[in-house]
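Small disclaimer: the values here were computed from a predicted structure and weren't measured.
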Amino acid sequence: MYTHPSRPATLAILLSLIASIAGCGGGSGGSTTLTPPPPPPPPPAAPDIDVQQVFANLAFSQPVAMVQAPGASRWYVVEQRGVVRAFDNDPNTSASEVAIDIAMRVNSGFNESGLLGIAFHPQFPATPELFLSYTGSSGNQLVSNVSRFFADANGVFDPNSEQILLSVLQPQGNHNGGDLAFGEDGNLYAAFGDGGGAGDPGDNGQNVATLMGAILRIGVDGNSPYEIPLDNPFAGNALCTQGFGGDACPEIFAWGLRNPWRMSFDSQTGSLWVGDVGQGDWEEVDRIELDGDYADNNFGWNDREGAHCYPPGSTCSTDSLDPVAEYDHGVGRSITGGYVYRGAAISGLAGWYVFGDFVTGRLFAVPEDSQPTVAPDILLETTLSISSFAEDTDGELYVIDYGGTIHKIVAAP
């Protein structure tokens, strides 16, 4: 808000007079000079950016994720039908190869089902393990699996080496989440949606006795099928390997989420950023600081949508965490979580969390130190169906178009 330049000077003079009068009077209390705090500085403006198609000689079938193996430049692209393709980090490459094919066990018959998430073991290739999140079938019911696959002596992943770590029976065909990521703590984080259906009819978002509507955190280097970090909110309870339990599930790290489609760790601070797809009104960005206190990692769904009571016009609890940022459905309709930019090629973008919207193709950003709840800056209008983002070893960011192409975020010309 604009303030007339004479007003701060007038206020300072008035306060000085008050302090002088107080100092001249009697009494034993002495005097106090009041100095008004300066107004907060305006937030920095996001820089102008553009997107540039890269690896233009390659095309993919419904890509939903792209990662590099730890310590390597080779790229791996997840195709929703159940195939992971690999290619060299060469802008002129014209060939990709199948890294692993599990299409025969993947049920991709729904819009949001299929092979959805990928993560390499942090010590890869010394520990030659690949983790995939996908939906399969259990009888006539959809089931989400988080599985481990092993590479052979030649570095080739064997589809028959699968170890299913945990499974979640899905009541609907949508809101499967599916993202995977390793944190700096060495634990595997897995995201699951609320089980689908408008408004979370099963109230799974607030039910911590189910793995739905939650981000899980498990240790994969110890006892089978996995171990529970001691500081998980419900550590000590019996495992919920089949997606539910009698008590709160110890695998849960954060809950109250509708469909956390994409999440990432800030490579500099270790904070976990989540894009949670909204219901009818609000898309939200959630941030979790890895500070060792996770007892209240409840983001409110289905009691709240974003920072608002759900259903609209109802009353709701104020105990859950507010999103860092949100935007309404006049701006976009399906958030795709991204990354905090830590590259060097785009001046002024460092420290901004960059994300997008699948429906409108818009790219957004918020400063990493934003306090709940802010509206994001719109960085760029695109025609892309933004299904995911990727980060390379230099901290530069890429946009994955569901139509089959890959684009790099670059400085505006």
Please test Tyr398 against Trp75 for ring pair (Phe, Tyr, Trp, His ring centres under 6.0 Å), starting from the C-alpha separation and ending with a verdict. CA-CA 12 Å; Tyr398 298 76; Trp75 286 106; 5.2 Å; yes
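- Other residues, nucleotides and ligands contribute only 12 or fewer heavy atoms inside 6.0 Å of the CG atom of Asn111.
- A side-chain donor-acceptor contact under 3.5 Å links Asp401 to the backbone of Ser385.
- For an aromatic pair to be called close, the ring centres must be under 6.0 Å apart, and Phe234 with Trp255 satisfies this.
- Taking 4.0 Å as the cut-off between side-chain N and carboxylate O, Arg304 and Asp322 count as a salt-bridged pair.
- Inter-residue side-chain proximity for Ile228 and Glu251 is flagged as met; some heavy-atom pair is nearer than 4.5 Å.
- Among all heavy-atom pairs drawn from Gly356 and Ile386, the shortest one is CA-CD1, 4.3 Å.
- Between Glu162 and Asn145, the side chains place no donor N or O within less than 3.5 Å of an acceptor N or O (distance only, hydrogens not considered).
- Inspection of the Thr360 and Asp357 side chains reveals an N or O donor paired with an N or O acceptor under 3.5 Å.
- Atom CG of Asp48 has 12 or fewer heavy atoms from other residues, nucleotides or ligands within 6.0 Å.
- In terms of heavy-atom proximity, Phe149 sits nearest to Arg105 at CE2-NH1, 3.8 Å.
- Residues Pro122 and Phe120 have side chains not in contact (no heavy-atom distance under 4.5 Å, counting atoms from C-beta outward).
- A donor-acceptor pair under 3.5 Å is formed between the side chain of Asp392 and the backbone N or O of Gly395.
- No side-chain donor-acceptor contact under 3.5 Å links Asp296 and Asn298.
- In this pair, Tyr353 and Trp273 present their aromatic rings parallel. The plane angle is below 30°, not in the 30 to 60° band.
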side-chain contact (heavy atoms from CB on, under 4.5 Å) between Ile400 and Leu384, intermediate numbers included: CA-CA 8 Å; Ile400 314 305; Leu384 305 177; over 6 Å; no
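- In terms of modelled atom types and a separation under 3.5 Å, the side chain of Asn232 and the main chain of Arg217 share a donor-acceptor contact.
- Atom CG of Asp369 sits in a crowded spot, with more than 12 heavy atoms from other residues, nucleotides or ligands closer than 6.0 Å.
- Asn302 places a side-chain N or O within 3.5 Å of a backbone atom of Gly199 that can act as its donor or acceptor partner.
- The pair Asp394-Arg342 does not meet the salt-bridge criterion, since no charged nitrogen lies less than 4.0 angstrom from a carboxylate oxygen.
- A perpendicular orientation is assigned to the rings of Phe265 and Tyr189, their planes being inclined by more than 60° (bins at 30° and 60°).
- A distance-only check finds a donor-acceptor pair linking the side chain of Glu283 to the backbone of Ile335 [under 3.5 Å].
- You'll find the ring centres of His329 and Trp282 outside the 6.0 Å limit.
- Salt-bridge annotation for Arg74 and Glu97: present, with a side-chain N of the basic residue lying under 4.0 Å from a carboxylate O of the acidic one.
- Between the side chains of Glu396 and Tyr341, at least one donor N or O lies within less than 3.5 Å of an accepting N or O.
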Extract all donor-acceptor atom pairs below 3.5 Å that involve side chains of residues 53-66 and protein atoms in other chains or at least two apart in sequence.
from: Asn57; atom 1: ND2; to: Asn92; atom 2: O; distance (Å): 3.4
from: Gln62; atom 1: NE2; to: Tyr402; atom 2: OH; distance (Å): 3.4

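- Between the side chain of Asp194 and the main chain of Gly196, a donor-acceptor pair closer than 3.5 Å is present.
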Could you walk me through whether Phe253 and Tyr294 pass the ring pair (Phe, Tyr, Trp, His ring centres under 6.0 Å) check? CA-CA 7 Å; Phe253 175 69; Tyr294 313 121; 4.7 Å; yes
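- A ring-centre distance under 6.0 Å is found for Phe355 and Phe364.
- Smallest separation of non-hydrogen atoms from Ala86 and Ala99: CB-CB, 4.2 Å.
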With side-chain contact (heavy atoms from CB on, under 4.5 Å) as the test, would you mind laying out the steps for Gln68 and Asn89 before giving the verdict? CA-CA 9 Å; Gln68 288 179 312; Asn89 189 23; 3.9 Å; yes
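- Under the 3.5 Å distance criterion, with hydrogens and angles disregarded, a donor-acceptor pair is assigned to the side chains of Ser271 and Glu289.
- Taking every heavy atom of both residues into account, Asp158 and Ser161 meet most closely at O-OG, 2.6 Å.
- In Phe124, the CZ atom is crowded: over 12 heavy atoms of neighbouring residues, nucleotides or ligands sit closer than 6.0 Å.
- Considering only heavy atoms from C-beta on, Glu326 stays 4.5 Å or farther from Val285 through its side chain.
- Residues Ile49 and Val51 fail the side-chain proximity criterion, which asks for heavy atoms closer than 4.5 Å.
- Here the two rings, on Tyr76 and Phe87, have centers that are 6.0 Å apart or farther.
- In this model, no donor atom of one side chain and acceptor atom of the other lie less than 3.5 Å apart for His175 and Asp200.
- Between Val78 and Leu116 there is no side-chain heavy-atom pair separated by less than 4.5 Å.
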Leu166 vs Phe192, side-chain contact (heavy atoms from CB on, under 4.5 Å): CA-CA, chis, key distance, verdict: CA-CA 12 Å; Leu166 58 84; Phe192 289 107; 3.9 Å; yes
